[in-house]
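Have a look at the structure below, then the notes.
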Amino acid sequence: MRRILFAILIVGAVPALTFAQGGRGGGRGGPPPQGKAGAPVDLSGYWVSPIFEDYRWRMFTPLKGDAASVPINDAARKIVDAWDPAKDEAAGEQCKAYGAAGIMRVPGRLHITWQDDNTLKIETDAGTQTRLFHFTGQAPKEGEPSWQGYSAAKWEVTALPGGPAGVGLGMLPRQGTKSRTLDVVTTQLRPGYLRKNGVPYGANTTLTEYYDHWSEPSGQEWFTVTTVVTDPEYLAIPFVTTTDFKKEPDGSKFNPRPCTAR
Amino acid sequence: MKWRAAILAAGVCGWLVSAAGQQPQQNFDNVKIQVTPVQKNIYMLFGAGGNVTVQVGKDGVLLIDTEFEPLVPKLMAEIKKLSDGPIQYIINTHVHGDHVGGNDAFYKLIPKNPQLPLNIIAHANVLNRLTAPGPNGAPGTSTAEHPGFPEDEYDTPYKDFYYNGEPIFIYHEPNAHTDGDSVILFRGSDVVTTGDIFTPDSYPFIDIARGGSVKGEIDALDHILELTVPADHQEGGTYVIPGHGRVCDEADVVEFRDMVVIVKDRVQDLIKKGKTLDQVKASKPTEDYDTEYGANGADRFVEAVYKSLSGK
Amino acid sequence: MQSTIKRAIWVAVAAVGALSAQQAPPAELHVLPVQGNIYMLVGAGGNITLQIGKQGVLMVDTGLAANAAAVYAEVKKLTNLPIRYIINTHVHPDHVGGNEGLAKLIPPNRAQPLSIIANENVLNRMIKPRPDGTTQQFGLPTDEYYLPFKALNYNGEAVIIYHELNAHTDGDSVILFRGSDVVSTGDIFTPDAYPFIDVAQGGSVEGELKALTHILELTVPAKTEEGGTLVIPGHGRLCEETDVAEFRDMMAIVRDRIQDGIKKKKTLAQIKADKPTLDYDTEYYRQGAFVTPDMFVEAVYKSLTGGK
Amino acid sequence: MKIFKQIGIAGLLVLTSVPGYSEIDFTGSWTPLFHEDYPERFPGPELGDYMGIPVNAAGRLRGDSYDADRISMVSQYECRPHGSDYNMRGSANLRISRDLDPVTQAPVAFHTFIGFQSAQRTIWLDGRPHPPEYADHSWAGFSTGVWDGNMLNITTTHLKEYYIRRNGVPRSDQAVVTEHWTRHGNYLTVIVVINDPVFLTEPLVRSENWIYDPGQEILPSNCEPAPEVPNPPGVITPHHLPGTNPFLHEVADWYGIPYDAVRGGAETMRPEYRKVMGKPEHVPEKCERYCDCGKDAGACNLH
C-alpha cells in the first residue's frame with residue numbers, strides 16, 4: 001500500500017505524466033462522471049434527523065427575540081424583534097422557515113430519490129417541500145426566486161483550501177484526494193427564516209452545502225450536511241451548521257404536513 | 001464486557017473463599033496470565049482473582065498478592081521472564097482467598113536460600129484471621145501446615161524498607177475493606193497498590209464480618225489520594241494498581257471515592273429518616289452507579305454501608 | 001509594629017551571623033550533585049536545593065540577597081532551562097533573601113511562568129515592612145499554601161511540600177523529592193549547629209522534635225542503615241537518616257534535661273549554669289557560630305515555659 | 001538531472017501501480033464556530049438541561065445529583081482537561097500537526113493540541129492495535145484513524161470517565177467514541193459519535209465546525225489545584241441527595257419548554273415527539289437569556 005502511495009506521490013510531482021491524465025486531479029482520464037452515474041455514495045432513501053444539537057431552537061419555536069448562536073447583524077436584530085407569525089400567515093408566507101437555508105434544520109424526515117440521471121430530488125415531510133439538485137451546471141440567468149431556489153450540484157473532486165476544486169497549482173497539476181462529498185450551491189432564494197422565530201436571511205443569500213455519508217460501527221448509515229449560509233444583508237459572517245440524518249428502513253414514518261408559521 | 005464478568009466472578013470467588021485460602025471449585029486450566037508493564041520497576045500480572053503486583057530490580061523480586069494456588073506455576077513462569085533474581089518478598093494486601101490463595105504454593109516453589117530468606121508480609125490481622133480457630137471450636141489453621149502464611153506481620157501504622165533501589169511503604173488502612181488492609185507505595189517507581197480498597201469496575205466489597213467499614217473505606221481512599229500525585233493536568237504521574245481491574249491513576253480513584261461517598265451520604269440520609277434496610281435497598285441508592293459498577297454487587301454494597309453506618 | 005521591625009532587624013542580624021559562621025561574602029559557591037535530579041548549591045547563605053530535569057529548574061531557598069546574581073549565574077551554568085519554581089523553607093533572610101533579585105533576573109516565560117511557593121505564614125511575614133520601612137515588591141511567595149501539604153509533579157517526579165507546625169518558625173516547609181529520593185529540611189535540621197528555634201516567629205522545641213520525627217518517617221535507608229534517602233539540611237553537609245536521628249536525639253535529651261530543671265523550679269540562669277548541653281557543645285557549637293549554647297538553652301526554656 | 005531520475009522511477013512505478021489516493025491534510029490552526037448551542041458551550045449549560053442526550057436513568061440521576069461546587073471542592077477536578085470527545089465541542093482553539101514516515105512519507109499520526117488545560121491527543125494512522133483492556137485510560141483515550149476518501153474515520157477507546165455535558169451528565173470509561181473528520185476548503189467538520197453502554201440508550205451524535213485560522217497563538221496552560229477554602233466539615237464530595245435538587249425546573253421555565261423534554265432521553269429526540277411532548281408550565285413573553293450570543297460574530301453577553 002505504502003509503495004503505491006509513494007508511486008502516486010511521485011506521479012503527482014511529474015508534469016509529463018499527470019498532464020496525460022488530465023489536469024483536474026482526483027479521478028484519472030479527465031473530469032469524473034457526474035450525476036447518478038458518478039455517485040460515489042448512495043444518498044437515496046428515507047432519512048430522519050434526530051435532534052441532538054440546538055434542541056431548544058429546533059424542536060420548539062424559540063421565544064421571540066432568541067437569536068442565540070446565529071451571527072446576525074443589527075438589521076437582522078430589528079426583524080427578529082418585529083417577528084409576527086400572524087402577519088406571515090395573513091401574507092400567505094407561513095413557509096418562510098421552510099426555505100432552503102432553514103429546511104434542513106426543521107425536525108422531520110427526508111425522501112431522497114433520483115428524478116433523472118442528472119437531478120437528485122429531496123422531499124421533506126415537514127412543510128412538504130421539494131429540493132432539486134441539478135448536476136447540469138450553473139443556475140439559469142433569469143431564475144424566479146423561490147423558497148428552495150436553484151441548486152447546482154456536483155460530486156466534489158478534491159478539497160482545496162481557498163480555491164476551486166482540482167485546478168492546477170502553478171506548474172504542477174494537482175493530484176487530489178478521492179472525495180465522497182456532494183457539493184450543492186443554492187441561489188435565487190426568496191427571503192426566509194433560518195429559525196421559526198423570524199431570524200432572517202435575505203434575497204442575496206448563497207447557500208453552500210456539503211453532504212457527507214458515513215456509517216456507525218453497527219453499519220447504521222448516516223449523512224451529515226454542513227450548511228454554509230452567506231448573507232451580506234443579515235449575517236456578519238457565514239452561518240455554519242451541521243445537521244445529521246439517520247437512514248430509515250422505509251417511509252412508514254414519512255408524514256407530510258403543511259408549513260406552519262408558529 | 002467479558003473482562004468485567006471475569007473480574008466480578010473473581011471478586012465473588014474471593015468473597016466466597018474462606019479466609020484460610022482454600023480453593024473455590026473453579027477450573028483454572030484455561031486461565032492465561034496477562035502481564036502489563038506499569039512504570040519503572042513495576043509490573044501488573046493478572047490471571048484470575050486479584051491483581052498481582054511485581055517489583056523487579058537489581059536486588060530481586062517482590063510480589064504483592066498471590067491469586068489462587070493452581071495459578072502459581074503460571075504466575076511463576078511469567079515472573080521468571082521478567083527477572084531471574086530471587087523472590088525475597090511477598091506482601092498480602094488483605095486476607096481474602098483470591099489474594100492470599102497462592103502463598104503456600106509460592107513458598108514451596110521458591111528455592112530456600114538462608115542468605116536471601118523469603119519474607120511474607122501482611123498486617124497482623126491478616127495472620128490472626130488466617131490462623132483463628134474455626135466455627136464451633138474447630139482448631140485454627142497452624143502456620144506449620146501453611147508455611148505461606150504471612151509470618152512477617154506488622155502491627156504499626158506503617159512499615160517501610162528499601163528494596164530494588166527504592167523506598168517501599170506499606171500503610172495499614174484501619175477497618176476499610178477488612179481490618180487488615182495494606183496499601184503499598186513504591187516511592188521511586190511512583191506506583192501505588194491498593195488491594196480491594198479500590199476496584200474501578202465493581203463496588204467495594206466492605207467485609208464487615210472481617211472488620212471492614214464504610215468510614216474506613218473512605219478514609220483509605222482519601223489516603224490513597226494523598227499518596228498519588230498526577231503529572232500535568234490531572235493525568236499519569238503516580239499509577240495505581242487496583243485489587244481487581246485495569247491500571248489506573250488518581251483521577252480514577254477520585255471517581256470511585258466520590259461514588260462511595262455519595263452512596264454513603266444517601267444511605268445515611270435514609271437511615272436518618274428511619275428507613276429499614278429493605279426500604280433503603282428498595283429506594284435504589286445506587287441506581288445511577290449500577291450500570292457502571294455492576295447491579296449484581298449493589299445489594300451487597302448497600303447492605304454493608306447500611307450495617308456499617310447503623311451498627312445493626 | 002515596633003516589635004515587628006525589631007524582630008525583622010534581629011532576624012537579619014541572626015542570618016548574617018549564621019552565615020559568617022561559614023564564609024564571608026562575596027560568596028564562593030559550590031555545586032554538589034546529590035542523587036537523581038537533585039543538586040545542592042552551597043555558599044549563598046542557607047543551602048539551596050536544585051532540582052533539574054527535562055522540564056526545567058525547581059529551587060528550594062535562594063540564599064542571601066547579596067548573592068542572588070551569583071546564584072542565578074551558577075544555575076545557568078548547569079542548565080538553560082527556565083526556573084519554574086522557587087520554594088522557601090522559611091522566612092529567614094539567608095533562605096528568602098535571593099527571591100527578589102532572582103525574580104528580577106529570571107526572564108518572563110509564558111509557557112513556564114515563575115511560581116514562588118511557601119507556607120502562608122512566610123508570605124504573611126514577608127509582606128510586613130522591612131527595617132528600612134520599605135516593603136518587598138518582587139519575589140514574594142504568592143503561591144502560598146495553608147494545608148498540611150502541597151504536592152506537585154515536576155521534572156517527572158512527585159514533589160511534596162509538608163508544613164511542619166511551629167518548629168524552627170511557624171512557616172517551615174520540608175520538601176520530599178519522591179523520585180530522586182531526597183529530602184530538603186530547611187533549618188529544622190542543621191547537622192553541625194544547634195537549631196535556631198525562633199520562638200519570636202512561632203518556633204517551638206516540641207514542634208522541632210515533631211518535625212524531626214516526621215523527617216525520620218520520610219527517610220528510608222538502604223542496606224546497613226546508610227544511603228537510601230539523602231537529606232539536604234538548612235546549613236551544613238549532605239546527610240541521611242542516621243544524621244537526623246543523632247540530631248533529633250540531642251534535641252530530645254537537652255529538652256528533657258531543661259524540662260527537669262523547670263520541674264525543679266529552677267530559673268533560666270540556674271539552668272544555664274547547669275550546662276545542660278555540655279556534652280554536645282563541642283559537636284554543635286564552633287567559635288563564632290550564631291546559635292550559642294546559651295541561646296539554644298534559652299530558646300528551649302522559653303518554648304517550654306511559654307516565653308517566661 | 002534530478003527530474004529525469006524521478007521520471008525514470010515514476011515511469012517504472014506507474015506501470016506496476018494501481019490508482020491510489022493521498023489523504024486530506026488537517027494540519028494547521030483552527031478556531032471553533034459556535035453556531036450551534038453557543039450558550040451551552042460558552043458560558044456553559046443550564047443545570048438539569050439534558051435536552052438532546054439519549055441519556056438513561058443512571059445518567060439522568062447523576063446529572064440531578066451533580067453539585068457545581070464539586071469542581072472547586074474536589075481539588076482533583078480543578079485541572080482536568082476535557083475528554084477528547086468533548087474537546088471538539090469545547091471553547092478553546094485547536095492546532096493539528098502530522099507525523100510522516102521519513103521513508104515512505106505516509107502519514108503516521110495526527111496530533112491535536114487544544115489550549116484549554118493543554119489537552120493533547122494522538123490519532124494513529126499506521127494501523128497499530130489498541131492497548132489491552134487492562135491498560136490505563138486517559139482523558140484523550142487511544143485513537144486510531146482509517147481513511148475513506150476525504151473522510152477520516154477515527155475510533156477511540158481507553159477514555160477516562162468524564163462528562164457529556166458540563167452539568168454533570170457523565171460519559172463512562174467504557175465508552176467507545178467514533179469520529180468522522182472531513183474538510184471542505186477552510187471548514188473542518190468533525191462528527192463525534194459516543195457509544196456508552198453505561199449512560200446512553202443509543203449513540204449520541206454531535207457534529208462541530210472549525211474554521212481555518214493560521215497564525216493564531218496557542219500557549220500551554222499551567223494549572224495547579226489550589227484549594228482556596230477548606231470543605232465544610234463532613235463534606236468530601238458535594239452533591240444533591242435524590243429529589244432535593246432545587247434547580248431542575250429552571251431551564252424549562254426560563255425558555256418555555258415542557259419539563260419532560262428537558263429531561264432528555266432518546267424518545268424526546270425524534271421529530272414525532274413534538275406531537276406528544278405536552279405543554280410547558282411557564283412561557284416567558286420573550287427571550288431573556290443569552291438571546292444575542294454570537295451577534296455580529298461576537299462573544300456571548302448575558303442579555
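Worth saying up front: this structure is predicted, and the values here are computed from it rather than measured. Within every chain, numbering begins at 1; the chains are lettered A, B, ... in the order of the sequence lines, protein sequences first and strands thereafter.
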> Side chains of Phe239(A) and Leu33(D): closer than 4.5 Å at any heavy-atom pair?
Replying inline: no

> Measuring from Asn153(D):CG to Ser215(A):OG, what's the distance to the nearest 0.5 Å?
Replying inline: 8.5 Å

>> At a 4.5 Å cut-off on heavy atoms, which part of Tyr255(D) comes close to chain A: side chain, backbone, both, or neither?
In response: both

> Is the shortest heavy-atom distance from the side chain of Pro238(A) to the side chain of Tyr187(D) under 4.5 Å?
Replying inline: yes

>> Strictly below 4.0 Å, N to O, side chains only: are Asp244(A) and Arg206(D) in salt-bridge contact?
In response: no

> When you check the side-chain N and O atoms of Thr181(A) and Asn150(D), is any donor under 3.5 Å from an acceptor?
Replying inline: yes

>> Which atoms of Trp254(D) are under 4.5 Å from chain A, going by heavy atoms: the side chain, the backbone, both sets, or neither?
In response: backbone

> Just by distance, with hydrogens left out, do His184(D) and Asp212(A) show a side-chain donor and acceptor under 3.5 Å apart?
Replying inline: yes

> With a 4.0 Å cut-off, would you call Arg56(A) and Glu46(D) a salt bridge?
Replying inline: no

> Crowded around Phe42(D) CZ? As in, over 12 foreign heavy atoms under 6.0 Å?
Replying inline: no

> Are the side chains of Tyr273(D) and Pro107(A) in touch, meaning some heavy atoms are under 4.5 Å apart?
Replying inline: no

> Would a 4.5 Å heavy-atom cut-off, applied to side chains only, mark Val205(D) and Pro50(A) as touching?
Replying inline: no

> What are the two closest non-hydrogen atoms of Arg77(A) and Cys291(D), and how far apart are they?
Replying inline: NH2-O, 3.3 Å

> Could you go step by step and tell me if Ile191(D) and Thr242(A) meet the side chain to side chain contact (heavy atoms under 4.5 Å, CB included) rule?
Replying inline: CA-CA 9 Å; Ile191(D) 301 155; Thr242(A) 44; over 6 Å; no

> Based on non-hydrogen pairs under 4.5 Å, which of Pro54(D), Pro203(D), Gly256(D) is most in contact with chain A?
Replying inline: Pro203(D)

>> Please evaluate residues Val193(D) and Trp214(A) with respect to the criterion side chain to side chain contact (heavy atoms under 4.5 Å, CB included), reporting the C-alpha separation (whole Å), side-chain torsions for both, the decisive distance (0.1 Å), and the verdict.
In response: CA-CA 11 Å; Val193(D) 184; Trp214(A) 53 276; 3.6 Å; yes

>> Within the 4.5 Å heavy-atom criterion, are Asp296(D) and Ile237(A) side-chain neighbours or not?
In response: no

> Do you know which of Val228(A), Asn255(A), Thr243(A), Asp125(A) has the most heavy-atom pairs with chain D at a distance under 4.5 angstrom?
Replying inline: Val228(A)

> What part of Asp148(D) gets closer than 4.5 Å to chain A, counting heavy atoms only: side chain, backbone, both or neither?
Replying inline: both

>> What I'd like to find out is whether the side chain of Pro39(D) reaches to under 4.5 Å of the side chain of Ser69(A), using heavy atoms alone.
In response: yes

> Distance-only, no hydrogens or angles: does the Asp37(D) side chain make a donor-acceptor pair with backbone N or O of Asp54(A) under 3.5 Å?
Replying inline: yes

> How about Ser207(D) and Glu53(A): do any of their side-chain heavy atoms sit closer than 4.5 Å?
Replying inline: yes

>> If I measure from the heavy atoms of chain D, does Pro217(A) come under 4.5 Å with its side chain, its backbone, both, or neither?
In response: side chain

>> side chain to side chain contact (heavy atoms under 4.5 Å, CB included) for Thr182(D) and Thr224(A)? Distances and angles first, verdict last.
In response: CA-CA 11 Å; Thr182(D) 186; Thr224(A) 294; over 6 Å; no

> Under a 4.5 Å heavy-atom cut-off, does chain A meet the side chain of Val283(D), its backbone, both or neither?
Replying inline: side chain

>> Met59(A) and side-chain contact (heavy atoms from CB on, under 4.5 Å): which single residue from Met269(D), Arg270(D), Met51(D), Arg274(D) fits?
In response: Arg274(D)

>> Heavy-atom cut-off 4.5 Å, strictly under: side chain, backbone, both or neither for Pro280(D) against chain A?
In response: neither

>> Looking at every non-hydrogen atom in both residues, tell me the closest pair between Ala236(A) and Ala297(D) and how far apart they are.
In response: CB-N, 4.0 Å

> What residue, out of Asp81(A), Thr241(A), Asn197(A), Val106(A), has the most heavy-atom pairs lying under 4.5 Å from chain D?
Replying inline: Thr241(A)

> Using a cut-off of under 4.5 Å for heavy-atom pairs, which of Arg41(D), Met277(D), Glu285(D), Glu40(D) has the most such pairs with chain A?
Replying inline: Met277(D)

> Counting N and O atoms only, with roles assigned by atom type, does the side chain of Tyr55(A) sit under 3.5 Å from a partner on the main chain of Thr268(D), one being a donor and the other an acceptor?
Replying inline: yes

> Is it the backbone or the side chain of Glu216(A) that comes under 4.5 Å from a heavy atom of chain D, or both, or neither?
Replying inline: side chain

> At a heavy-atom separation under 4.5 Å, does Ser218(A) approach chain D through its side chain, its backbone, both, or neither?
Replying inline: neither

> Should Glu36(D) and Arg58(A) count as an ion pair when the cut-off is N to O under 4.0 Å?
Replying inline: no

> Where does Glu208(D) contact chain A at under 4.5 Å (heavy atoms): side chain, backbone, both or neither?
Replying inline: both

> Side chain, backbone, both or neither: which part of Val70(A) has a non-hydrogen atom closer than 4.5 Å to chain D?
Replying inline: backbone

>> Between Leu235(A), Asp74(A), Thr208(A), who has the most heavy-atom pairs with chain D when the cutoff is under 4.5 Å?
In response: Asp74(A)

> Under 3.5 Å, side chain of Asp66(A) to main-chain N/O of Cys287(D), donor-acceptor pair present?
Replying inline: no

> Without hydrogens or angle criteria, can the side chains of Thr226(A) and Thr189(D) be said to hold a donor-acceptor pair below 3.5 Å?
Replying inline: yes

> If you count heavy-atom pairs under 4.5 Å with chain A, which of Gly264(D), Gly52(D), Gly294(D) comes out on top?
Replying inline: Gly52(D)

> For Val80(A), is it the side chain, the backbone, both, or neither that has a heavy atom closer than 4.5 Å to a heavy atom of chain D?
Replying inline: neither

>> Are Lys286(D) and Leu63(A) packed together at the side-chain level, in the sense that at least one heavy-atom pair is separated by less than 4.5 angstrom?
In response: no

